[in-house]
Peer 1: 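Sending over a structure as structure tokens; questions will come in a sec.
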Amino acid sequence: MLIVSATSWGEYFCTEGSKPVHNCRCITSRLGASTSARNQYEKILTRRYARLLKTGDFFHHRKALNHQIFWPTTILPISRFEEAKWGDLVWQRKVHQSCQTKREDGMVVLVTGAAGFVGTHVSLALKKRGDGLVGLDNFNNYYDPSLKRSRQELLEKQGIFVIEGDINDAALLKKLFELIPFTHVMHLAAQAGVRYALENPGSYVHSNIAGLVTLLEACVKANPQPAVVWASSSSVYGLNTHVPFSESDRTDQPASLYAATKKAGEEFAHTYNHIHGLSITGLRFFTVYGPWGRPDMAYFSFTRDILRGKPITIYQGANKIDLARDFTYIDDIVKGCLAALDTAEKSTGTGGKKRGKAQFRIYNLGNTAPVTVPNLVSILEKHLKCKAKKDLVKMPRNGDVPFTHANVTLARRELGYEPTTDLATGLKKFVKWYQNYYGVSGSRKTM
Ligand SMILES: O=C(O)[C@H]1O[C@H](OP(=O)(O)OP(=O)(O)OC[C@H]2O[C@@H](n3ccc(=O)[nH]c3=O)[C@H](O)[C@@H]2O)[C@H](O)[C@@H](O)[C@@H]1O
């Protein structure tokens with residue numbers, strides 16, 4: 001049985017088992033859509049496949065929320081999960097549909113890292129306000145890929161197509177830019193995590209250096225050139241001691257290879273802006289947390305281990321000083337990202353040549369209220385109603401910095417950025433999501 005399932009304006013093709021298919025079923029389940037909208041879609045779908053259908057093979061059956069069209073066919077030799085073969089007609093149609101805007105002057109955005117934590121939230125927010133977008137994600141296994149797949153499901157329910165592909169794939173990027181005149185690129189794909197850089201430095205070079213350059217090259221060659229907004233990191237401040245951290249502070253003392261790749265990214269961005277006229281905005285995120293977050297981050301892994309009764313390791317600085325972070329809630333970060341997109345000016349290059357000076361910006365997106373790691377743990381204990389088993393350990397030389405603290409004056413002035421969620425409120429929302437997703441005791445398998 002071949003199933004063609006058309007949700008929203010996308011179609012999905014798959015087979016049950018690997019046997020040759022003899023029957024095809026088409027389901028349009030535009031949940032929430034009016035009957036007339038569903039009727040209209042059914043007509044479009046039927047017209048689209050008219051040449052494949054033999055009159056008389058077509059049966060019409062209606063259910064409460066689904067229109068189902070059955071037709072016996074061997075015409076579409078579709079194999080299991082063939083839907084995402086990039087470049088083919090189905091793929092192109094999905095990209096187009098996902099990029100349709102639903103508001104006047106809506107943006108058309110390529111979101112890289114769309115199945116990542118920040119990427120998912122930004123994508124949903126763009127879609128919600130009527131912008132068109134398509135996601136790109138390589139679904140690597142740095143952390144549990146099933147969480148990325150769940151985020152992808154969430155996005156696809158909203159009509160957002162996430163292409164499985166790597167930002168290092170220049171041919172894929174070229175094809176995408178030929179297909180869609182993206183107005184903006186929201187570049188969030190990266191190898192994140194400070195301490196993992198000791199284990200796998202190559203992955204940082206691959207994504208944060210080579211991948212960034214490949215993406216910027218594609219943007220330069222695109223016509224029109226998109227404006228680029230991308231994720232840098234608070235880690236670029238490294239050993240800076242001037243607090244709170246301002247954009248004008250020194251960033252030439254990275255404490256980790258991760259930070260060094262983000263700093264290098266800022267320099268590459270400047271070069272592409274200077275030579276090619278790409279409009280580029282870098283956002284220095286400060287320890288972003290929240291629902292659908294990253295399992296490698298402390299607030300997430302602490303939650304998991306506390307619920308499982310496993311000990312957690314709390315690092316301490318010199319003289320047993322507590323480490324502190326300017327933890328920033330995801331909704332605040334999303335607002336900052338959207339404001340950066342909204343205020344981004346157009347790139348000035350065409351045909352790879354710069355035609356004038358282009359916008360170049362860097363902003364801190366933090367919460368402006370650092371909290372120590374032991375305090376983070378106390379808040380989690382309260383929300384989880386569970387005591388943590390704590391191992392206090394001297395901070396190893398693993399790239400960590402003792403504290404971060406954002407000055408967001410610039411973002412406030414130019415983006416209207418104003419963080420509104422304190423750590424206790426944000427962690428409450430995270431814990432609620434976590435227990436809903438993994439079960440109250442966190443029993444569902446993670447990592
Ligand atoms: O904002 C940033 O620039 C960075 O924020 C986070 O990096 P980090 O602040 O180190 O976040 P966590 O890994 O969640 O660590 C938070 C704090 O908990 C501490 N920690 C972490 C893990 C652990 O087992 N024990 C522990 O005490 C760390 O030393 C740190 O002080 C992200 O992981 C980076 O990708 C991001 O770029």
Side-chain angles (χ1 to χ4, degrees), residues 113 116-119 142-143 188-200 203-204 207-208 230-240 244-245 251 254-263 265-266 282-290 293-306 310-318 320-330 332-333 336 362-368 370-380 388-406 408 419 423 426-427 430 447:
F117 169 36
V118 180
Y142 167 58
Y143 61 81
L188 299 166
Q191 176 59 59
V194 175
R195 290 163 290 279
Y196 180 63
L198 284 176
E199 267 175 65
N200 189 357
S203 66
Y204 292 79
S207 296
N208 305 357
W230 75 288
S232 181
S233 159
S234 72
S235 65
V236 298
Y237 290 108
L239 306 180
N240 172 49
F245 299 169
T251 53
S256 66
L257 184 129
Y258 165 70
T261 61
K262 285 292 180 181
K263 172 64 182 166
E266 292 188 352
L283 302 174
R284 292 176 180 164
F285 295 159
F286 282 70
T287 315
V288 190
Y289 72 98
R294 277 175 30 213
D296 62 313
M297 289 184 67
Y299 73 95
F300 200 120
S301 63
F302 286 172
T303 299
R304 186 187 57 218
D305 291 342
I306 292 171
K310 283 173 66 178
I312 59 171
T313 307
I314 298 177
Y315 299 134
Q316 288 183 315
K320 302 203 170 169
I321 283 183
D322 290 334
L323 305 183
R325 287 290 180 274
D326 198 1
F327 296 99
T328 311
Y329 189 61
I330 183 65
D332 290 324
I333 289 292
I362 290 184
Y363 296 107
N364 285 343
L365 293 186
N367 192 48
T368 71
V371 176
T372 64
V373 176
N375 267 344
L376 162 88
V377 174
S378 305
I379 297 170
L380 283 176
K389 294 177 187 155
K390 301 168 212 165
D391 283 343
L392 301 179
V393 170
K394 186 167 173 265
M395 184 172 87
R397 290 170 74 88
N398 56 12
D400 254 338
V401 290
F403 65 90
T404 62
H405 184 181
V408 298
L423 187 62
L427 282 179
F430 166 72
M447 300 284 273

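Numbering starts at 1 and runs along the sequence shown. When a ligand or atom number is given, it counts from 1 through the structure's own listing order.
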Peer 1: Can you check whether Trp230 reaches Glu266 side chain to side chain, under 4.5 Å on heavy atoms?
Peer 2: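 When only atoms from C-beta onward are counted, Glu266 and Trp230 do touch, with a gap below 4.5 Å.
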Peer 1: Mind jotting down which protein residues get a heavy-atom contact under 4.0 Å with ligand 1? Chain and number order, please.
Peer 2: Ala192, Gly193, Val194, Arg195, Ser233, Ser234, Ser235, Tyr258, Phe285, Phe286, Thr287, Arg294, Met297, Ala298, Phe302, Thr313, Ile314, Tyr315, Leu323, Arg325, Val373, Asp400
Peer 1: Determine whether the aromatic ring centres of residues Tyr329 and Phe430 are separated by less than 6.0 angstrom.
Peer 2: no
Peer 1: Check Leu376, Asn367, Leu427 against Phe327 for a side chain to side chain contact (heavy atoms under 4.5 Å, CB included) and give me the one that passes.
Peer 2: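 Among Leu376, Asn367, Leu427, the one that satisfies the side chain to side chain contact (heavy atoms under 4.5 Å, CB included) with Phe327 is Leu376.
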Peer 1: List for me each residue that meets ring pair (Phe, Tyr, Trp, His ring centres under 6.0 Å) alongside Phe286, sequence neighbours excluded, and say none if there are none.
Peer 2: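 Here no residue qualifies.
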Peer 1: Checking Pro402 now: which residues fulfil side-chain contact (heavy atoms from CB on, under 4.5 Å) with it, not counting sequence neighbours?
Peer 2: Leu323
Peer 1: Please tabulate, one pair per line, all N/O donor-acceptor pairs under 3.5 Å involving side-chain atoms of residues 191-198, not counting sequence neighbours.
Peer 2:
unit_1: Arg195; atom_1: NH1; unit_2: Asp400; atom_2: OD1; d: 2.7
unit_1: Arg195; atom_1: NH1; unit_2: Asp400; atom_2: OD2; d: 3.1
unit_1: Tyr196; atom_1: OH; unit_2: Asn200; atom_2: ND2; d: 3.0

